[in-house]
2 protein chains.
Amino acid sequence: MTEPERLRADAVRNRAAILRATEDLLTRHHPQQISMEQVAAAAGVGKGTVFHRFGSRYGLMRALIQERAQDLEIAITTGPPPLGQGAPPRTRLLAFLTAMVELVARNKGLLAALGPAAPVTAAPEQEPRETHPVYRSWHGHISQLVHQQRPDLDADMLAHVLLATLHSEPILNALERGYANRLDRTLRDLVTGLMPQ
Amino acid sequence: MTEPERLRADAVRNRAAILRATEDLLTRHHPQQISMEQVAAAAGVGKGTVFHRFGSRYGLMRALIQERAQDLEIAITTGPPPLGQGAPPRTRLLAFLTAMVELVARNKGLLAALGPAAPVTAAPEQEPRETHPVYRSWHGHISQLVHQQRPDLDADMLAHVLLATLHSEPILNALERGYANRLDRTLRDLVTGLMPQ
DNA sequence: GACATTACTGGACCGGCGGTCCAGTTGTCG
DNA sequence: CGACAACTGGACCGCCGGTCCAGTAATGTC
């Protein structure tokens, strides 16, 4: 899935240190108020190293999220039911939502790092703005499962709505306060309403 | 509802010019990439004037949103059914969601201005971060209506989930492309699933 | 209508940040 | 072991949110 991309030994070490430092900072601060210099300092490297490796603030966040989401990605593509193939769509969807909520809750504020979910560079307008790979993957998974059982629904939009949950400041707050189960329950209720038994 | 706050004639004029300029810029750029200097220049005033009137970037966005949301606010508190009091909760909720989607769609990217939905100042942590008045109002309205018909549900969380829709980059994109009706339809489906006839 | 008061104005200025650059360093491979 | 490329890191750049304050012009009083 990921090309090995042979890196020098010190580069590998620093890459890991930077990611770990970023994650650590994210548990204490909101993504917007973490500066790249802070990250570099916390990782014990120079700012240039951070940018050389990740290209930009967005690239860093993107790499971090991708790494954390990898396990779930594998579970739904090649793992056993109910996350993996084999269970009915409704069951798989519910299992996925639960896993997703748990993932986000465990990595507090991690998804918030997606922030605008796209780099906020001076967009020349009109271009649809690149979407985050993890977002695309999750959206595809959800909409596919919905479509299998309820082809009459707008699965595409519905998947966006369900995922939107993870970009809401108040909800992320609730997650940080330990209300993951409430969110999970609410999402289940919503899905169950549309996909009865 | 709003104190008149006697302003000098020129202050009133400039306030309006700044709000109009901001709105105009928001139709062409994403909120994050509009600088306060741009706003000032577009409004034909100095930067100091903008900050004197609105205090901060967040204060400006907040004022803008509040003004646009005023009509809807009035409609649900003192207007006629189905938005105002008199209709059954389910009907009112559906009407509200439709109005909300339409409002956001018409003011492209306006809600995106809520961005983090709160000032991203260096939060001393722990404090729950002030919530935007408009958000609070909408959340209260939705959760109250849900609770009236389905007291068994977690109306509070459900309202947050429904509102989260408006903070999603992909969905705002869809709205800008004119898919407001698809979003409206999807939200109706979700609500109808939980509040059957 | 003149004057004092005071709110408003706007541009210079500040600290900090994302991102670039490049000279020096160090792993890697033949 | 030597040469080369990749990596490193700190100085540097342009920009931006926000502050400050001297100048300006509405407003109220007589």
Side-chain angles (χ1 to χ4, degrees), chain A residues 3-22 25-26 29-64 113-116 118-124 130, chain B residues 3-22 25-26 29-64 113-116 118-124 130:
Chain A
E3 302 153 13
E5 266 294 347
R6 295 230 328 97
L7 292 180
R8 246 166 56 173
D10 51 352
V12 172
R13 224 180 310 124
N14 281 342
R15 188 192 133 96
I18 292 168
L19 285 178
R20 194 146 18 90
T22 306
L25 285 173
L26 274 176
H29 306 281
H30 282 263
Q32 297 270 12
Q33 63 197 33
I34 294 176
S35 78
M36 298 301 272
E37 290 187 1
Q38 271 178 61
V39 169
V45 304
K47 194 160 69 153
T49 306
V50 178
F51 280 96
H52 177 72
R53 177 72 30 225
F54 297 102
S56 72
R57 175 196 201 78
Y58 175 67
L60 172 59
M61 297 303 183
R62 172 178 164 145
L64 183 56
L114 271 168
V120 188
T121 58
E130 169 204 12
Chain B
E3 303 152 16
E5 268 291 351
R6 295 233 324 100
L7 293 179
R8 244 166 57 176
D10 51 352
V12 172
R13 224 180 311 123
N14 280 343
R15 188 192 133 95
I18 292 169
L19 285 177
R20 192 146 19 89
T22 306
L25 285 173
L26 274 176
H29 306 282
H30 283 263
Q32 297 270 15
Q33 62 197 34
I34 295 177
S35 77
M36 298 300 273
E37 291 187 1
Q38 272 177 60
V39 170
V45 304
K47 194 159 67 151
T49 305
V50 178
F51 280 96
H52 177 73
R53 176 76 24 230
F54 298 102
S56 71
R57 176 195 199 79
Y58 175 67
L60 171 59
M61 297 303 182
R62 173 178 164 143
L64 183 56
L114 270 169
V120 188
T121 57
E130 169 205 11

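Quick caveat, the model's predicted, so the values are computed rather than measured. The figures that follow rest on heavy atoms only: side chains count, while hydrogens, waters and symmetry mates do not. Numbered from 1 within each chain, the chains take letters A, B, ... in sequence-line order.
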For Thr49(B), which contact category applies under a 4.0 Å heavy-atom criterion: base, sugar-phosphate, or nothing? base
Between dG18(C), dA12(C), dG9(D), spot the one nearest the side chain of Met36(A), thanks. dG18(C)
Let's see if you can work this out: which of dT9(C), dT8(D), dG19(C) has an atom nearest to the side-chain heavy atoms of His52(A)? dT8(D)
Protein-nucleotide distance (Phe51(B), atom CZ; dG11(C), atom C1'), rounded to Å: 13 Å
Taking C-beta and beyond as the side chain, do Phe54(A) and Met61(A) meet within less than 4.5 Å on heavy atoms? no
Nearest-nucleotide comparison on DNA chain D, the residue closer to the 5′ end among Gly46(A) and Arg13(B): Gly46(A)
Check: Ile34(B) and Leu26(B) side chains under 4.5 Å, non-hydrogen atoms: yes
State, yes or no, whether a side-chain contact exists between Leu25(A) and Gln38(A) at a heavy-atom distance under 4.5 Å. yes
To the nearest angstrom, the NZ-P distance between Lys47(A) and dG19(C) comes to 9 Å
If I take atom CZ in residue Phe54(A) and atom P in nucleotide dT8(D), what distance separates them, rounded to the nearest angstrom? 11 Å
Just how far, in rounded Å, is P of dG18(C) from CZ of Arg53(A)? 20 Å
Within a strict 4.5 Å, meaning less than it, do heavy atoms of the Val39(B) and Val45(B) side chains meet? no
Please report, rounded to the nearest Å, how far the P atom of dG27(C) is from the CZ atom of Arg15(A). 20 Å
As a test of reading the structure: which of dC17(C), dG9(D), dG17(D) is closest to the side chain of Glu37(A), going by heavy atoms? dC17(C)
Out of dG18(D), dG18(C), dG9(D), which has the shortest distance to the side chain of Asn14(A)? dG9(D)
Note: for Ile34(A) and Gly48(A) on DNA chain C, the residue whose nearest nucleotide lies more 5' is Ile34(A)
Heavy-atom side-chain proximity of Asn14(A) to Val50(A) below 4.5 angstrom: no
Looking at the side chain of Ser56(B), which of dC12(D), dG18(D), dC16(D) is the nearest nucleotide? dG18(D)
Please report the distance, rounded to the nearest Å, between CD in Gln33(A) and P in dG18(C). 12 Å
Of dG9(D), dG19(C), dG10(C), the nucleotide closest to the side chain of Val45(A) is dG9(D)
Rounded to whole Å, the CD-C1' distance (Gln32(A) to dG18(C)) equals 13 Å
